[in-house]
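Quick notes on the structure that follows.
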Amino acid sequence: MTETIFKRPKYLKDAVFHYCPGCGHGITHRLVAEVIEELDIADRSICVPPAGCAVLAYDYFDIDVGEAAHGRGAAVATGLKRVLPDRIVFTYQGDGDMAAIGTAETIHAANRGENITTIFINNGTYGMTGGQMAPTTLVGQKSTTTPGGRDTKRDGNPLRLSEMLALLDGTIYIERVSVTSPKNIRAAKKAIKKAFQIQMDRLGYSLVEVLSPCPTNWKMSPVDSCKWIDEYMTKTFPIGVIKDNSENK
Amino acid sequence: MTETIFKRPKYLKDAVFHYCPGCGHGITHRLVAEVIEELDIADRSICVPPAGCAVLAYDYFDIDVGEAAHGRGAAVATGLKRVLPDRIVFTYQGDGDMAAIGTAETIHAANRGENITTIFINNGTYGMTGGQMAPTTLVGQKSTTTPGGRDTKRDGNPLRLSEMLALLDGTIYIERVSVTSPKNIRAAKKAIKKAFQIQMDRLGYSLVEVLSPCPTNWKMSPVDSCKWIDEYMTKTFPIGVIKDNSENK
Amino acid sequence: MITKTAFAGSGGQGVLSMGYILAYAAMRDKKNVTYLPSYGAEVRGGTANCTVCISDEEIASPVASAPDYAIVLNKPSMLKYQGIIRKGGIMLVNSSLVDAKAEREDIEVIYIPANKLALELGSERAVNMIMLGAFAAKTGVTSLESLAGGMSDVLKSKSAGLVDLNKKGIERGAEYALHER
Amino acid sequence: MITKTAFAGSGGQGVLSMGYILAYAAMRDKKNVTYLPSYGAEVRGGTANCTVCISDEEIASPVASAPDYAIVLNKPSMLKYQGIIRKGGIMLVNSSLVDAKAEREDIEVIYIPANKLALELGSERAVNMIMLGAFAAKTGVTSLESLAGGMSDVLKSKSAGLVDLNKKGIERGAEYALHER
Amino acid sequence: MADKNKGRIKINSELCKGCYLCISVCPKHIIAVSETLNHQGYYPSKSTDSSDDPKCTGCAMCATICPDVAIEVYRD
Amino acid sequence: MADKNKGRIKINSELCKGCYLCISVCPKHIIAVSETLNHQGYYPSKSTDSSDDPKCTGCAMCATICPDVAIEVYRD
Amino acid sequence: MTEKVLMSGNHVIGEAAVRAGCSFYAGYPITPQNELTEYMAGAMAKLDDGTFIQAESEIAAINMLIGASMAGARVMTSSSSPGISLKQEGISFLSALELPAVIVNCMRGGPGLGNIAPSQGDYFQATRGGGHGDYRNIVLGPASGQEICDLVTKAFDYADEYLTPVMILLDGMMGQMMEPVVFPEYRDISTLPEKTWKIDGAKGRPRRVIKSLLLDVNVEEAHNWKLVRRYEQIKDKIQMAESYKTSDAKLTVIAYGIAARIAKSAVDRAREEGIKAGLLRPVTLWPFPERSLREAASNNTEFLVYEMSTGQMIEDVRLSLNGSSRIHFHGRPGGPVSTPADIYEQIKKYYPR
Amino acid sequence: MTEKVLMSGNHVIGEAAVRAGCSFYAGYPITPQNELTEYMAGAMAKLDDGTFIQAESEIAAINMLIGASMAGARVMTSSSSPGISLKQEGISFLSALELPAVIVNCMRGGPGLGNIAPSQGDYFQATRGGGHGDYRNIVLGPASGQEICDLVTKAFDYADEYLTPVMILLDGMMGQMMEPVVFPEYRDISTLPEKTWKIDGAKGRPRRVIKSLLLDVNVEEAHNWKLVRRYEQIKDKIQMAESYKTSDAKLTVIAYGIAARIAKSAVDRAREEGIKAGLLRPVTLWPFPERSLREAASNNTEFLVYEMSTGQMIEDVRLSLNGSSRIHFHGRPGGPVSTPADIYEQIKKYYPR
Ligand SMILES: Cc1ncc(C[n+]2csc(CCOP(=O)(O)OP(=O)(O)O)c2C)c(N)n1
Ligand SMILES: Cc1ncc(C[n+]2csc(CCOP(=O)(O)OP(=O)(O)O)c2C)c(N)n1
Ligand code: SF4
Ligand code: SF4
Ligand code: SF4
Ligand code: SF4
Ligand code: SF4
Ligand code: SF4
Ligand SMILES: [Mg+2]
Ligand SMILES: [Mg+2]
C-alpha cells in the first residue's frame with residue numbers, strides 16, 4: 001500500500017510559480033496553503049496579496065482574493081474584515097510593501113488590533129522591481145540603489161518592524177521564522193498555523209515574519225542564500241517568538 | 001537697579017498667540033524660542049511647522065520657516081537638512097500630524113538617523129480640526145469621533161510613538177516631558193535644549209514629546225487640564241528620558 | 001424680501017442656538033431659510049457667531065457681508081458688528097455684558113440688560129431667549145409664537161421646565177424691547 | 001530600410017551585451033539605432049532578451065513584433081522566436097546549447113556550435129561574440145570591423161585581453177558561418 | 001532671605017487670555033482675576049501684591065507657566 | 001528501523017527550477033542534477049536512488065524545502 | 001422623517017448615506033467637512049452592522065473603502081481638497097477594480113494648504129480623474145441641502161449600478177450651511193440586486209478574484225474599452241442640469257453648486273431690469289450636461305461661465321459648444337464669495353448689445 | 001561628452017539632470033523607471049554635494065523635494081503612474097509654494113495596478129493638475145533619447161525661471177529604450193541667478209517664510225491670479241511642437257511621445273502612396289501648442305488624434321481648434337503599441353475624400 005507522505009496541498013492551484021529558482025515565496029505559499037487546508041477554512045478565507053513579487057498570489061491560492069495597492073494591504077484587509085468579521089482575512093506582504101510605503105497602514109491596523117493575519121516576507125530587498133534597497137536590507141548589503149552597500153549615514157538602518165509592532169497593545173502574536181531548512185520550515189508552518197488560529201479565535205492581530213531568500217537579487221545561489229540568512233540575516237533579525245499574548249486573552 | 005528675571009524671549013515675535021486660553025502650544029513655543037536664543041542659533045535655524053493648531057508658528061518664531069503638508073514635516077526637514085547640513089532644522093508637530101498621517105515619514109526619518117530635531121506636541125486630540133480622536137487619545141477618553149469614549153475594540157489603543165522610535169538605531173535622544181507645572185516646564189526646556197544640542201553636535205535624530213493641555217477640546221479648565229495630564233495621561237505616557245544614546249556617540 | 005441676521009458672542013452664551021431657533025421659527029412661517037455657523041476651526045478664538053437668512057424666495061448666498069440685524073452678546077462682537085451692519089440696520093446689545101456704547105449713527109442700537117432680566121426670571125439660562133424675543137418684537141422678522149414654536153421644535157423632548165423658562169424669556173425680552181427702554 | 005534583430009537566451013549568457021555591441025557598431029556605421037531590452041521585472045523567469053533596430057532613417061517603433069533576425073542562445077528562446085520571426089527572416093541558433101531543430105520552413109536557420117568554437121579559442125566567454133560575428137557575416141547588417149569597433153567602444157578601458165578574445169570570437173563566428181557549416 | 005521678597009511682576013492684560021494657570025501656581029497667592037474684560041474678550045489676571053507688604057519673591061513660577069507670555073518678572 | 005528505508009520521491013521535472021535546495025538537504029545524498037533541460041530552461045534535479053539498494057527514508061526534507069512544490073514523497 | 005429638519009450640508013450627507021444603506025465609513029478629519037466624519041461616527045455606532053473608522057490618513061481611508069466595497073458593503077468616505085489629492089491612487093484603483101463607493105469632496109481654497117473658504121478649484125481633479133490611467137467618475141454638484149440629500153441617495157445607486165466611485169463635489173459653505181431638508185425612508189438594502197462579484201469566501205461557489213493588475217496588454221486594453229463603453233452609457237443616461245429662464249435668454253450664466261445659487265439671484269435681478277439673463281446649472285459635472293448646453297445654445301444666447309476658480313468647468317462648456325457660441329468667464333478663486341450684486345454687474349458687463 | 005553614447009531614456013534623464021546641476025534626488029522604486037532611480041543613486045554619490053534618498057514612499061519623496069527645493073537645490077524625483085498619483089498633494093503644494101522641481105512620470109498602463117507596458121493614460125493628470133486647487137505645471141513630452149536630454153535640461157531652467165514644478169511625461173518604452181545621445185556640458189549652477197526666496201537661515205537678512213496657508217481669502221485669490229498671470233506668460237513663451245509635412249496635409253495626425261514616432265513612419269508610408277498626410281507633434285503638452293494647431297488648421301486639414309489612451313489630449317485639440325476642423329480619434333489604451341502599418345490604416349480610414 002502506497003502512503004503519500006508529501007504532496008501538493010489542496011488549495012494551491014496547479015500552476016507553475018513565476019518565482020525565480022530558490023525563491024522563498026514558493027515555500028511560504030505552500031505553507032499557507034497547507035495551513036488553510038488543515039484548518040479547513042478555504043471557503044471562508046480571503047487573501048490580500050501585495051504589489052511585490054507575490055502580486056500574482058491569486059494565480060496560486062485557490063481562494064477568494066482581493067488586490068491591494070502597494071503598501072495598503074492592511075487597510076484593504078481592515079475594510080474586508082470589518083464588513084465580514086467571521087471570515088478569515090490575511091495579507092501577504094513583502095518588506096518593501098509593509099515596512100516602507102505601508103508603514104503607517106501596517107502599524108495602525110496592528111494598533112487597532114484588527115483581527116487579521118499578516119504573512120510578512122522579509123527578503124531584504126525589493127524583489128519585484130529588481131533589487132533596490134529595502135527597509136530591511138542589512139548594513140553593508142549591496143543593492144541596485146546602494147551599489148556601495150547600505151551605508152547607515154546615507155541610507156539608515158535595517159528596520160525591525162516586527163519588534164516595533166510588538167510594542168502595540170493591539171498585537172497578539174508575532175513570530176519571526178525562516179525558510180532555510182526543513183527544520184526552520186516546519187517551525188514556520190507552525191507559526192503560520194498559530195497566527196491563523198489566533199484570528200479564528202478572534203484574539204486580534206497576528207503576524208509571521210518570514211526570512212526568505214531572494215537568490216536573484218542577492219546574486220547568490222539558492223543554497224548560499226539560505227546559508228546567508230542563517231549566518232548574517234538572523235543576526236539583525238533573530239528568529240523566534242517576538243510576542244505572544246494569546247494566553248492572556 | 002532693576003533686574004529682569006523673566007521676559008519674552010528674543011526670537012518670539014511680538015504677536016498675540018491665536019491659541020486658546022491655557023493651551024500648551026504657547027508654553028512650548030516660548031521654550032523653543034528661549035533655547036534658540038540661548039544656543040545662539042537663530043540665524044541658522046529653520047522651523048518646519050505642522051498642519052495643526054501650530055500651523056501659524058511662523059507668525060511667532062522669528063526665524064526662517066518652511067511649511068509642510070499635514071504629516072510630512074519629517075520629509076520636508078530631511079530635504080532641507082540634507083541640502084544644508086550645517087543649519088539647524090527642526091519640526092514642530094502634533095500627535096495627529098506625526099503619529100497618524102505622518103507615521104511613515106516620522107519613523108523613516110528617525111530610522112535614517114536624520115540629524116534633525118522634532119518637538120512633538122501630544123495633546124491627545126486633533127486640536128485644529130475640532131477635537132477628533134488622535135492616535136494618542138486615552139482609552140475611554142471622549143472626542144468628537146469617539147462620543148462614547150475611545151473603545152479599544154473599535155478605535156484601537158493609544159499609540160506610544162516615542163517608545164517605538166526609541167527602538168530605531170537612528171534615534172539618539174528621546175524624552176517625554178509635560179508643561180503642567182513650573183517644575184515640569186523647566187525640565188521640558190532642558191530636554192528641548194539637549195535635543196537641539198544633539199543636532200548641533202551632529203549626533204542624529206532627537207525628539208522631545210511634550211504632553212500638552214488642550215482645554216478646549218478636553219472641555220476642561222486649563223488648571224484641570226494640567227491636573228488631568230499629571231494624573232491620567234502620564235499613566236499611559238510616562239514622562240522621562242526614553243532613550244539617550246548621546247554618550248555613546 | 002430677504003433678511004439676514006447675525007448672532008455673535010462668546011462660546012457658551014447660546015449664540016448658535018439663538019440662530020438655530022430663529023431658523024426653525026422661520027420654517028414654521030413657511031419661509032426659506034439658511035443658517036450658517038461661524039465656519040471652520042482653523043483660527044481659534046473666544047467668539048462664536050452665525051448668520052440666519054430668511055426669505056420668501058429661494059436664498060442665494062447664505063453669507064451676510066452686511067447683515068440687516070445683529071444680536072451681540074459681548075464687547076468684541078459689538079465692536080466687530082457695528083462695523084459691518086448695513087446702514088439702517090438694527091443692532092441688539094446685551095448691555096449687562098457690554099459696557100460701551102455703539103458709535104454708529106446710521107443704525108438703530110437697542111440695549112437690553114439681558115442678564116439682569118434673566119435673573120429676574122430665575123435663571124441666567126434665559127439670556128439668549130430674552131435677546132431673541134426682543135429681536136422678534138423690534139424687527140418683526142418672525143412672531144413670538146413662531147419663535148416659541150421653533151424653540152420647542154429644537155428642544156423637543158428636553159426638559160419641559162427649560163421650554164417654559166425660554167418661553168418666558170422670549171416674552172420678557174419682547175416686552176422690554178417694546179415698552180421698557 | 002530598417003532591420004530589427006532580436007537577441008535571446010538565459011540571463012548571464014551575454015545576450016544584452018550582444019545587442020548593445022551591435023547597436024554601437026551601427027552607430028559607427030552612422031546609422032540610426034534603437035536598443036530595447038526585455039522590459040520590466042514584473043514577471044520573473046530565466047530568460048533575457050533585447051531588440052536592436054537599425055535604419056538609415058529615423059526609427060519609429062523600437063519594438064519588433066516580427067523581427068527580421070533572431071539570435072537565440074537557449075531552447076526556450078528558440079521555441080519562442082521561431083514562432084514570431086518574419087517570413088524570410090534568419091535565425092541563428094547556438095547549437096551547443098540547443099539540441100532541437102527549428103520547425104519553420106519559411107525562415108533560414110543557421111546552427112552555430114558556439115560553445116565548442118569558443119572553447120577552441122580558449123574561453124567560453126567568447127560565445128556571444130561568435131554568434132554576433134556569424135550574424136554580421138550572414139546578414140550584412142554591419143561589418144566585422146564595425147562590430148569590433150563597437151565592441152571596444154562598449155568595453156572601453158576594460159581588459160585588453162578580453163577585447164582581443166572578443167575580436168577573435170567575432171572573426172571565428174563569421175568564418176564558421178560563411179565557410180564551415 | 002530678605003532679598004527673596006523683592007520680586008515684582010507685570011501682567012500684560014491685553015496678552016492675557018484668562019487661563020488662570022498663574023493663579024494656580026503662585027506660591028504666594030498674589031494673583032487674581034481682574035474685573036474688566038480686555039479687548040480679546042477675556043478677564044485677565046492681575047497682581048494683587050501690595051506695595052505696603054510685598055509678598056512676591058520673583059520666583060517666576062507664574063511667568064514660567066503662562067502660555068501667552070503675558071507676564072514679566074523683575075527684581076528691584 | 002527497516003521501515004525507514006521505504007521512502008520514494010517523485011520529482012516533477014517540468015515544475016523544477018533547478019535550485020538544488022533538495023540536493024543540499026537530502027541526508028542520503030540521493031538527489032542529483034539531471035543532464036537535460038526542461039521546458040522552462042532549467043536542469044531539473046532527479047532522484048538517484050537505486051531500486052537495488054534504496055536509501056530514501058521518506059523523510060520529506062527535500063519536498064519540504066522545494067520552493068516549487070515539485071517533489072512528492074511516498075512510502076510503499 | 002417626512003418632516004423638514006434643519007441640517008448642515010455635512011450632516012445631510014451623513015443622514016442621507018445612512019438611509020441609503022451605507023454601512024461603512026472611513027475618513028480622516030479635515031476642515032470643512034469634519035461634521036460629516038463626526039456624524040458618521042455616531043450614526044454607524046447605532047447600526048447593527050455599521051462600521052466607522054477614523055483612519056490614520058486619507059490614504060488608509062480610501063483603501064479601507066476598497067476592502068469594504070469588495071466585501072459588498074455600501075461605503076463612503078469624505079475629505080476636502082488636500083485629502084482628496086491623497087486619495088487619487090485609491091480612486092484610480094476603485095475605478096479599475098469596478099468597485100462602487102461614494103466619495104465626498106467638500107472643497108476648500110487651494111492649491112497647497114490654502115484655506116478653508118468655499119472654493120471650486122478641484123473641478124478638474126474630480127471630472128478628469130486626478131489619478132492615473134483612463135477612467136472617469138460620476139461627479140454630482142448639489143446646490144442646496146435638499147439636493148445634497150437627493151444626490152447622495154442617487155450616488156449610492158449609481159455606484160452600484162455602474163460599478164464606479166461616485167463623487168459628491170461641494171464646497172465648504174454648502175457643507176456648513178444649514179437648510180431645511182426632507183429625507184427619504186430608510187433603504188432596505190437586502191432588496192437590492194446581489195453583488196455577484198463580491199468576495200466573502202468561496203463557500204459553495206467558484207472562488208473570485210478582484211484585481212486590476214492586467215499584465216497582458218490586450219486584456220488591459222479590453223478592460224479600458226469596457227470602461228469607456230460604460231462611461232458612454234452613463235453619459236447617455238444621467239446628464240442632469242437645471243435650466244432657469246433660459247428659453248429667451250440672451251446671456252446664460254453657467255455655474256454649479258453654491259455659485260449657481262448666487263447667480264440665480266443675479267439673474268432675477270437682471271430680469272427685473274429687463275435684461276434677458278438665464279441660468280444653466282450643471283447638476284452632473286461628469287457626465288457634463290452637454291445636451292442641455294447645446295439646447296440652450298440653439299436659442300442663440302451668449303454664455304457667462306461663473307466659477308469659484310480661475311476657470312476649469314469652462315473647458316467643458318467650450319467642449320460642449322464646440323465654437324458655436326460666445327463664452328465669457330468670471331472667476332473668483334481661493335475663497336471669496338461673490339454676492340448676487342457682483343454677478344449682476346458681470347451680467348451687465350457681458351450682456352450682448 | 002560631445003560624443004554619442006547609447007543610453008536608455010531613464011539613464012538619459014539622470015545624466016541630463018546631473019549636468020543641469022541637479023544635486024538632490026529622492027524617489028521610490030517602480031517599474032518602468034527603476035533604472036533612473038538607480039542611476040541617480042550612483043550619480044549623486046559622485047557629487048560633493050549630491051543627495052540621493054531612496055524614500056520610504058512616493059509621498060515622502062515629493063515632500064523631501066519640497067524641503068530640498070526650499071533650501072535652494074535643483075531637485076528631481078521620478079515615478080510611474082500609481083506613484084505619481086500619490087504625489088498629487090505634494091505637486092499641488094510645490095505649485096502653491098512656487099518651488100522649482102522636476103518630476104518625471106514614466107507612464108505605465110492603468111488605471112489601478114495595470115501593467116508596465118507603454119501608455120499615455122496620465123495626460124489629464126499631468127496637464128490638468130491631478131492635485132487640488134487652481135494650478136498648472138509645465139509638461140514636456142519627449143519623443144527620442146536626444147530630446148529627453150534636451151527637455152530635461154530645459155526643464156530645470158523653466159522650473160527656476162517660472163518657479164514651478166515641471167513634469168517630464170514619457171512612457172515606459174521611452175524610458176527603457178536606448179538611443180544615441182549627445183549630452184551638453186555640465187552646468188555651473190553658481191552662475192545662475194540667486195534664489196532670493198530660499199530659506200537657509202536668516203543670517204544677515206530678514207527671515208523668510210515659505211507657506212501656502214493663506215487664510216485671508218483675498219490674499220489667496222490674489223495668489224491664484226498671480227499664478228494665472230505666470231501661466232499666461234508661460235503659454236506665451238514656451239509652446240513647442242514639431243510640424244512634419246503639414247503644409248499641404250489633408251489629414252494631420254496629432255500625437256506625442258512614442259506614439260508620434262510611430263505616426264511619423266505611418267505618415268511617410270502614406271506620402272509614398274500619394275496620401276497627403278502630415279504630423280503635428282506637441283512637445284509641450286502644457287502649455288498645449290495651440291498656435292501650431294491653429295496654423296495647421298488654417299491649411300484646411302482634418303485631424304487624426306492618436307493617443308495610447310482612450311482619448312485625453314483630444315480635448316486640448318478640440319479646445320485649440322474650437323470647432324474649426326474635423327477631428328478623428330484613434331486610441332490604444334493599456335499597453336498595446338501600434339505599428340506604423342496600423343496607423344497607416346487609420347490614416348487611410350479617416351483620409352478625407
Ligand atoms: C504606489 C506604488 N509604488 C511602487 C510600486 C512598485 N513596486 C511594486 S512591488 C514593489 C516592492 C517590492 O518589494 P517587496 O514589497 O519587498 O516585495 P518582494 O518583491 O521583495 O517580495 C514596488 C516598489 C507600485 N506598484 N505602486
Ligand atoms: C492632508 C490633510 N489632511 C487633513 C488635514 C486637516 N488637519 C489639519 S491639522 C489636523 C490635525 C491636527 O491635530 P494635531 O496634529 O494633533 O495638532 P493639534 O492641532 O492637536 O496641535 C488635521 C487633520 C490637512 N490639513 N491636510
Ligand atoms: S526576485 Fe527574489 S523575491 Fe522575487 S521571485 Fe525572484 S527570488 Fe523571489
Ligand atoms: S484647540 Fe487645543 S491645541 Fe488647539 S489652540 Fe486650542 S487648546 Fe490649543
Ligand atoms: S513671581 Fe512667584 S511669587 Fe511673584 S507673582 Fe509670580 S509666582 Fe507669585
Ligand atoms: S497664565 Fe498668563 S494668560 Fe493665563 S491668566 Fe495668567 S497671565 Fe493670563
Ligand atoms: S525523502 Fe528524505 S531521503 Fe528521500 S530523497 Fe527526500 S530528502 Fe532524501
Ligand atoms: S528543490 Fe525543487 S525546484 Fe529546487 S531543484 Fe529540487 S526539485 Fe527542483
Ligand atoms: Mg522584499
Ligand atoms: Mg494634537
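Every chain is numbered from 1, with letters handed out A, B, ... down the list of sequences.
If you take NE2 on A/H29 and CG on F/D68, they are separated by 10.5 Å, rounding to the nearest 0.5 Å. Going from atom CZ of A/R186 over to atom CE of F/M61 covers 6.5 Å, rounded to the nearest 0.5 Å. Taking NZ of F/K17 as the start and NE2 of A/H18 as the end, the distance is 8.5 Å to the nearest 0.5 Å.
Chain F forms more heavy-atom pairs under 4.5 Å with one residue of A/I27, A/T2, A/I5 than with any other, namely A/I5. Considering only heavy-atom pairs separated by less than 4.5 Å from chain F, the leading option among A/C226, A/P21, A/P215 is A/P21.
Between A/P9 and F/V69, the shortest heavy-atom contact is CD-CG1, 4.3 Å. Nearest heavy atom pair, residue F/S24 against residue A/V223, reads CB-CG2, 3.8 Å.
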Residues F/T64, A/R30; criterion side chain to side chain contact (heavy atoms under 4.5 Å, CB included); working and verdict:
CA-CA 9 Å; F/T64 302; A/R30 197 194 69 230; 4.0 Å; yes

For A/F6 and F/I9, run side chain to side chain contact (heavy atoms under 4.5 Å, CB included): C-alpha distance rounded to whole Å, both residues' side-chain angles, the deciding distance at 0.1 Å, then the answer.
CA-CA 9 Å; A/F6 194 102; F/I9 67 168; over 6 Å; no

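Contacts between A/S181 and chain F at a heavy-atom distance below 4.5 Å involve the backbone alone (N, CA, C, O). In this structure, chain F has a heavy atom under 4.5 Å from the side chain of A/L12, while its backbone stays farther away. Within the 4.5 angstrom heavy-atom criterion, only backbone atoms of F/C66 (N, CA, C, O) approach chain A. Contacts between A/R8 and chain F at a heavy-atom distance below 4.5 Å involve backbone atoms as well as side-chain atoms. Using a 4.5 Å cut-off between heavy atoms, F/I23 makes no contact with chain A at all. Using a 4.5 Å cut-off between heavy atoms, A/S225 does not touch chain F at all. F/V25 touches chain A through its side chain: at least one heavy atom from C-beta onward sits under 4.5 Å away, while N, CA, C and O do not.
Within a 6.0 Å sphere centred on NZ of A/K190, other residues, nucleotides and ligands contribute 12 heavy atoms or fewer. More than 12 heavy atoms of other residues, nucleotides or ligands sit less than 6.0 Å from atom NZ of A/K13. Within a 6.0 Å sphere centred on NZ of A/K142, other residues, nucleotides and ligands contribute 12 heavy atoms or fewer.
At a threshold of 4.5 Å between non-hydrogen side-chain atoms, the residues A/Y19 and F/P67 do not count as touching.
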